[in-house]
Number of protein chains: 2
Amino acid sequence: MDERSLLLLGMLKSQSQHGYQINEFIEKNLSRMVDMKRSTAYTLLERLCDQGYVDGTMEQAGNRPQKKVYTITPTGEQKFFELLHEYLKHAGVIQFPFDIGLMFLDSLPDEDVSLCLQGHLQELDRQIVGFEQTPRHGFGRGVDLAVEHRLIMSRAERDWVASILQRFQSLTDE
Amino acid sequence: MDERSLLLLGMLKSQSQHGYQINEFIEKNLSRMVDMKRSTAYTLLERLCDQGYVDGTMEQAGNRPQKKVYTITPTGEQKFFELLHEYLKHAGVIQFPFDIGLMFLDSLPDEDVSLCLQGHLQELDRQIVGFEQTPRHGFGRGVDLAVEHRLIMSRAERDWVASILQRFQSLTDE
DNA sequence: AGATGAATAGTCGGAATCGACTATTGTGTG
DNA sequence: CACACAATAGTCGATTCCGACTATTCATCT
């Protein structure tokens with residue numbers, strides 16, 4: 001059971017909803033923080049139902065197409081709090097694929113490195129703008145904090161990459 | 001083909017070696033940056049052989065037990081450079097499971113949040129000490145840079161979490 | 001009326017990863 | 001000498017995740 005289940009439980013805790021809604025929300029609002037595909041979300045929702053943490057009921061509202069509405073159960077809420085504590089408390093091992101690149105930097109001519117890092121920097125800037133423009137007060141202080149977290153992390157990385165880039169450029173220029 | 005293959009190709013580029021050595025090195029020196037289990041490494045090495053990027057030959061050195069020595073091929077080197085450019089250039093979407101926790105912070109009493117964040121902080125401090133104590137000059141500037149990268153990222157996160165924690169504690173104390 | 005598209009629900013097979021397990025041989029210790 | 005341990009090689013089944021695909025119903029447009 002990982003942070004994706006925490007996300008699903010959390011979203012259902014704030015409001016019962018159906019899979020499509022959940023997926024839309026994640027794609028539109030959280031794609032910068034979470035990477036979970038639609039089919040995975042459906043699978044996970046099914047599992048949560050099997051485990052009794054969520055209750056899924058088909059509804060026929062008026063004559064609209066069928067919807068399956070998912071609702072968190074009391075045990076689901078318990079589980080939610082358990083997971084929430086866990087993920088707030090633990091830092092875990094974050095993996096930056098970029099680091100693997102960095103490790104082998106030496107195999108590349110300084111010029112290539114400069115070019116790559118420039119590209120990297122631009123991507124980071126784009127990400128930062130994205131976070132800066134993310135509307136706040138999604139569903140509470142918490143979401144804003146998460147965005148702020150990502151923002152300061154991206155900025156820290158950008159500043160560092162920029163400083164490294166300068167090192168390389170001064171080597172190349174001289 | 002992901003960053004794990006880049007790592008394997010890179011390690012083999014610097015030196016032909018056998019799977020056990022590779023796994024040992026990753027476990028002992030890179031466990032803070034990369035999470036890849038032994039069986040995965042073996043699987044990946046096999047695949048790299050199939051794809052012609054690596055050549056694996058059983059060797060019977062003296063009367064020691066069998067070793068399978070993996071050596072990077074010319075196409076493997078090409079692939080290595082390709083992947084290296086890719087991973088240096090792109091920032092990708094980093095996922096912090098912590099963020100999912102943050103999003104739902106509001107569901108927890110401030111006191112709980114304080115306790116969790118204190119735990120988080122301690123873990124981060126441990127990680128930072130780990131990076132600080134990582135011996136430098138592993139196989140070149142690059143490795144040092146990667147460690148430095150992780151170090152500044154962890155510090156940035158620690159400082160931020162500490163500031164958030166203070167906010168919560170001042171709320172709780174009053 | 002028929003076509004098209006959006007909202008909603010999935011399903012299914014394949015790839016990736018891991019944990020736990022097995023096998024072989026040399027070396028060192030009691 | 002016997003036994004355990006380290007070094008080396010995997011294998012295999014379970015689980016997870018994803019991409020691509022399908023199905024249904026209504027609304028809208030021609």
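Below, chains carry the letters A, B, ... as their sequence lines are ordered, and counting in each starts from 1.
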Rounded to whole Å, CD of B:Gln17 lies from P of D:dA7 at a distance of 15 Å
Flag side-chain contact, heavy atom, 4.5 Å: A:Leu8 against A:Leu45
yes
Is the phosphate of C:dA7, meaning OP1 or OP2, less than 4.0 Å from a side-chain N or O of A:Lys67?
no
A:His18 NE2 to C:dG10 C1': how many Å, rounded?
14 Å
Mind jotting down which residue pairs meet the salt bridge (charged side-chain N to carboxylate O under 4.0 Å, His left out) criterion with at least one end in residues 17-26 of chain A? Sequence neighbours excluded, please.
A:Glu24-A:Lys28, A:Glu24-A:Arg38
Can you tell me if A:Tyr42 touches the phosphate of C:dT11, counting only side-chain N or O atoms and a distance under 4.0 Å to OP1 or OP2?
no
In whole angstrom, what separates A:Glu46's CD from D:dC17's P?
15 Å
Using a 4.5 Å cut-off on heavy atoms from C-beta on, say whether the side chain of A:Phe104 contacts that of B:Leu7.
yes
From NZ of A:Lys68 over to P of D:dT24, roughly how many Å is that when rounded to an integer?
17 Å
Euclidean distance, atom CZ of residue B:Phe25 to atom P of D:dA7 [Å, nearest integer]
17 Å
Do B:Tyr42 and B:Asn23 have side-chain heavy atoms sitting under 4.5 Å apart?
yes
Flag for A:Gln21-A:His18: side-chain donor and acceptor within less than 3.5 Å
yes
Quick one: B:Tyr20 OH to D:dA9 P, roughly how many Å, whole number?
9 Å
Where along nucleotides 16-21 of chain C does protein come under 4.0 Å, by heavy atom, of base (B) or sugar-phosphate alone (S), with - for untouched nucleotides?
SSBB--
Take atom CG of B:Asn23 and atom C1' of D:dG10, then tell me their distance rounded to the nearest Å.
11 Å
Contact check, side chains of A:Glu86 and A:Leu6, non-hydrogen atoms, under 4.5 Å:
no
Could you tell me the separation between the CZ atom of B:Arg38 and the C1' atom of D:dT11, rounded to a whole number of Å?
15 Å
